[in-house]
There are 2 protein chains.
Amino acid sequence: MPQLRVALAQVNPCVGDIAGNSSLVLERSEEAVARGAHVVAFPEMVLSGYPVEDLALRKSFAAANRAELESLAVRLRDAGCGEALVIVGHLDRDDEGVRNAASLLHGGEVVDTYFKHHLPNYGVFDEARYFAPGYDLPIVRFHGLDIGVVICEDIWQNGGPIAALGKVGVDAVVCVNGSPYQRAKDHERTQLVVRRAAEAGAPMAYVNMVGAQDELVFDGDSMIATNHGELLSRAPRFTEHLLVRDLELTAGGHTSTDVSPEPVDQGTPLHFRPRALPAFHVDRITLRPDPLPAYEPSESEGVAEPLSEEAEVWWALVTGLRDYLRKNGFKSVAFGFSGGIDSSVCAALSADAIGPAGLYGVSLPSHYSSEHSRSDAAELAERIGCHFEVHAIEDMVRVFVDQLGLSGLAEENVQARCRGITLMALSNQHGHLVLAPGNKTELAVGYSTIYGDAVGGFAPIKDVPKTLVWRLARWRNAEAEKRGETPPIPESSITKAPSAELRPGQVDTDSLPPYELLDEVLDGYVEGDKGYEDLIGEGFDAELVERVLRMVDRAEYKRRQYPPGTKITLKAFGRDRRLPVTNRWREARPA
Amino acid sequence: MPQLRVALAQVNPCVGDIAGNSSLVLERSEEAVARGAHVVAFPEMVLSGYPVEDLALRKSFAAANRAELESLAVRLRDAGCGEALVIVGHLDRDDEGVRNAASLLHGGEVVDTYFKHHLPNYGVFDEARYFAPGYDLPIVRFHGLDIGVVICEDIWQNGGPIAALGKVGVDAVVCVNGSPYQRAKDHERTQLVVRRAAEAGAPMAYVNMVGAQDELVFDGDSMIATNHGELLSRAPRFTEHLLVRDLELTAGGHTSTDVSPEPVDQGTPLHFRPRALPAFHVDRITLRPDPLPAYEPSESEGVAEPLSEEAEVWWALVTGLRDYLRKNGFKSVAFGFSGGIDSSVCAALSADAIGPAGLYGVSLPSHYSSEHSRSDAAELAERIGCHFEVHAIEDMVRVFVDQLGLSGLAEENVQARCRGITLMALSNQHGHLVLAPGNKTELAVGYSTIYGDAVGGFAPIKDVPKTLVWRLARWRNAEAEKRGETPPIPESSITKAPSAELRPGQVDTDSLPPYELLDEVLDGYVEGDKGYEDLIGEGFDAELVERVLRMVDRAEYKRRQYPPGTKITLKAFGRDRRLPVTNRWREARPA
């Protein structure tokens, strides 16, 4: 059977850094070719980075992408990679609009370009805003083998290019991806790749981006599956990696280009679907007609161990924070160490992301702060080995309260806001990025002070429900113990009752239901899009459900002003998940 | 010729207030029927309000809309409107997804429903995220006349339902709209309605929403055009209105339902367009086969006077602010009166929106504040007749500066932030909504302090370039003089050099190019999507262009944390107009 050595370059590009991303492609291609690879595949839009948002609208940006692509083809040839087939995702633009494209580079030239057919426009995706869909299907014969290329969402929709490739015949499919991490979705992705390989009637090489861009984390998870249900190789996640694998393929000598119009899957809700697509245009080109002479396969990389549920989330959060800092040029972070669980987990995440030397913990006690808050904060800093300073806010608060005659909520909020100003002043003076340590539960119900604890440039655990924050803390401590290291988080920060400490004796449950119950209701309402009646039907107390739903609906304004943060679900609060601010709909209003 | 009295109900619904919006339909229908109308048309999605954003995803919300629609049909009949044909925009949901729909109510029943064909997904629109497109085209015979219904974007795309109606034949078209105000676009809209009426071969009755929802303002501008290029009637803008007009129509006795698939316009960029649509299904139903007996037409409403460029923007801003306050239940606003032009214009807008009694001006002097700032602020309050208080921030600032050892930018920002805290404390204590008085120019280049002057719940002039702020101030003062009233804005606030007054002798031009020049470059880069080379080609200085473009690209993070504000262009900064925060693309980097 004809052989082919395929390399999947799981790399970490940065949006807008066209030159840097191009160098990444060049370097990894050289490495792959040095390891004998014949085909080297890079992720979706690796040249531009992904997602580019409104950069897609700039003609100058599209022109720069095209120019870099063509120069990259030449540089690859000059660097001795001209014999390889290098598949590179990029942004393109033609008379029909902007394109999410993947080009085949060979012999110093761009030999063909595929335009993504299916443009996702739900959840974190906005591709129908920016891109015009493709209808063409290039298939290249390389070393006697017919290779098809598709992009990401093209395999998540039934019908479409994979079905077409299956009909006309290919010997291998390369799928290039910018597929964001989503909690507990890894298994689904693997099953999908295996299923699509079977549908295409050919093995599929799936290469995904790794690293974070703004709120999205790409987990890598590049893999190769046969068309007989077997997963051959799989790269480790959350790390750059070059997966190299020899494939034994069948040269089908396919010639058909006849694809009848394909009815589009009607099962996908809320997605723009025409009822029928025009016929694809299949474009077969031949680069290398003859199979390679037989060669000795290299040692095969197998299937990376799956991660536990907590490990997966933890490394997604570390990746999200690390890349937000690195790609924006920050070397240090600062935030309030309150002694509570949220800031403790953010501290452990920060230390894992950039090391304890880049972490500045700031204790900001008021006259309502408990002794254990102060001592837990200090102990956290000591365990982690980070910087720690104490700035009492009593004098600041007193001027505002006295001069403006504040009481009640106004007085509580001034405390949180004096902390916010202090952190921002330290940021201005010393260049740290301030982190907002709020969790998803708080954000959902609006349990935070705008311009107070919501101050910051990034919110690492914005998409983590409170109960999961506790689980992560226990998991991270246990990991440390396994490795014989000091567990980073003080035990009492995990076990004590959460409190904002803005008035004497205050605890969170004064204002909120118990977190275990609250997170269950939120999971149904926010993650599950369930309504009041659905939740009552599941046995939740009607008064509780009504209370929680009202809090969620009313907190939209606060959520909008919250800093960006790593998404670990497709239902993360943010640009793509929002209610109108002016909104009188009350889910829970009795009929 | 058969007659028909048509009423266009230019109303102001509120998102989510299904019951309230339904009552609006009932009341205006009763009024229209009392005035003898046979057809009463309401705007796009009048029952749900528009845009509903993620409310569209809730099954419970769709069910509530459907239930209200059916009950409304009954209530209309019971209120004596059963003989009329009432056309109501609403949200719907079926097996294919969520729909942007318009239903025909008659005799206590929902007799037919149209689903919007073209779903705009650019600029402020996200409809492809939420809705499934329709392909059906109901035409109802009412009093012997064949009436077609379309929705908003359906007339902005070439081909599609209007072309189809023209082919199969109709006697009148009703177009229901949620068409947001856009600066200087009024003429284009009118021309479009006239052109589409000609294409349909029948008069078009165009009814638009009025009022504001979050950042969007709907200007009304409902109108009726003949198919011979004549504009018959046009409602005044920015105000609720019932436009009633007798039409003399030709009963064509059309029976064709044969529409061949229509090629879709390829001229619209960046919009998901399948290359061919399936055939429409034309559904002709007969409600009332016979023409009305001849009747005496009522006096005809003519064409409302067009507004000047400044008046149009002013009333859009007043509407945006007024409805944001009213629909969110705020009765008063507070913000810093600095003596500068931005806060002065915001004060005049606030007074026009809610009256001077709801306006709390707060002077927040520091030791860098000039004497003229203090006196101009006081004079502004006196001219407007609003509340005015003075809270010196010196003591607050001193505690932060001394305790934290601040200098330079950190010290400047602390001043702006102590002002922000003070305003928020007054808001918490007294229930005012804080306004952020920043303009579009500042926002574009990042010339503001996050958590400082950017504090607030709403930013009235967020989409107004600085040079237009000045023009509006002069216009508003001139209007007052015309009416014999005191011009609201002190002359010296208009003429003096702008300054943030955060250090001695500071003026804006220390940090920024002159505003006239800056606004010209921003207009090219932001509104025109022009690149560095384009702008150089237009004769701008290369160093200036590079400087401005870098400021814009770097200010994305600040823009995201800015409060919402009324949009007057489709290129307003906000959710639908944004760059990635982590973005290394530099437009102006020398090649």
Side-chain angles (χ1 to χ4, degrees), chain A residues 14-17 53-55 57-61 97-98 119 121-122 128-130 213-214 269-270 272 274-278 324 327-328 395-396 399-400 403-404 406 409-410 413-414 417 420-422 424-425 428-429 451 455 529 531-532 561 564 575 577-585 587, chain B residues 14-17 53-55 57-61 97-98 119 121-122 128-130 213-214 269-270 272 274-278 324 327-328 395-396 399-400 403-404 406 409-410 413-414 417 420-422 424-425 428-429 451 455 529 531-532 561 564 575 577-585 587:
Chain A
C14 181
V15 158
D17 187 11
E53 304 194 54
D54 280 8
L55 286 177
L57 304 176
R58 300 214 160 270
K59 282 186 186 168
S60 49
F61 186 69
V98 185
L119 300 171
N121 203 58
Y122 53 84
R129 279 182 91 81
Y130 297 119
Q213 171 67 35
D214 286 8
L270 303 174
F272 188 96
R275 280 191 186 159
L277 281 172
Y324 195 84
K327 292 180 179 179
N328 284 306
D395 294 344
M396 302 154 182
V399 184
F400 284 97
Q403 186 176 323
L404 303 173
L406 305 178
L409 181 67
N413 281 343
V414 156
R417 290 180 179 136
I421 287 200
T422 302
M424 289 305 295
N428 283 152
Q429 197 80 20
Y451 318 122
V455 153
D529 273 324
Y532 176 75
Q561 299 250 333
R575 174 173 189 249
R577 178 79 188 162
R578 50 183 239 165
L579 296 169
V581 172
T582 303
N583 168 23
R584 298 209 182 141
W585 170 244
E587 180 75 38
Chain B
C14 181
V15 160
D17 186 10
E53 306 193 52
D54 280 8
L55 286 177
L57 304 175
R58 300 213 160 270
K59 282 186 185 166
S60 49
F61 186 69
V98 185
L119 301 170
N121 202 57
Y122 53 83
R129 280 182 91 82
Y130 298 118
Q213 171 66 36
D214 287 9
L270 304 173
F272 188 96
R275 281 191 187 160
L277 282 172
Y324 194 85
K327 292 179 179 179
N328 283 305
D395 294 346
M396 303 155 181
V399 184
F400 284 96
Q403 186 176 324
L404 303 172
L406 305 179
L409 181 69
N413 281 342
V414 156
R417 289 180 180 135
I421 288 199
T422 302
M424 289 304 295
N428 284 152
Q429 198 78 19
Y451 318 123
V455 153
D529 273 324
Y532 176 74
Q561 298 250 332
R575 174 174 188 249
R577 178 78 190 164
R578 49 182 240 163
L579 296 168
V581 172
T582 303
N583 168 24
R584 297 210 182 141
W585 169 246
E587 180 74 39

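Per chain, numbering begins at 1; letters A, B, ... match sequence-line order. No experiment lies behind these values; they were computed from the predicted model shown.
- B/Asp54 contributes atom CG, which lies 8.5 Å from atom CZ of A/Arg578 (distance to the nearest 0.5 angstrom).
- In terms of heavy-atom pairs under 4.5 Å with chain A, the best-connected choice from B/Asn428, B/Thr582, B/Val399 is B/Thr582.
- The candidate from A/Ala425, A/Pro580, A/Gly531 with the greatest count of non-hydrogen atom pairs under 4.5 Å with chain B is A/Pro580.
- Across A/Gln429, A/Lys327, A/Gln561, the residue that shares the most heavy-atom pairs under 4.5 angstrom with chain B is A/Gln429.
- In this structure, CD in A/Glu53 is found 9.5 Å from CG in B/Asn583, a value given to the nearest 0.5 Å.
- Heavy-atom distances place the side chain of B/Gln213, and not its backbone, under 4.5 Å from chain A.
- The shortest distance between side-chain heavy atoms of B/Met396 and A/Ile421 does not fall below 4.5 Å.
- Both the backbone and the side chain of A/Leu55 have a heavy atom closer than 4.5 Å to some heavy atom of chain B.
- Interatomic distance, OG1 of A/Thr422 versus CD of B/Gln403, reported as 7.0 Å (0.5 Å rounding).
- In terms of heavy-atom pairs under 4.5 angstrom with chain B, the leader among A/Leu406, A/Val414, A/Asn413, A/Asp395 is A/Leu406.
- Between A/Tyr324 and B/Val581 the shortest side-chain heavy-atom distance falls below 4.5 Å.
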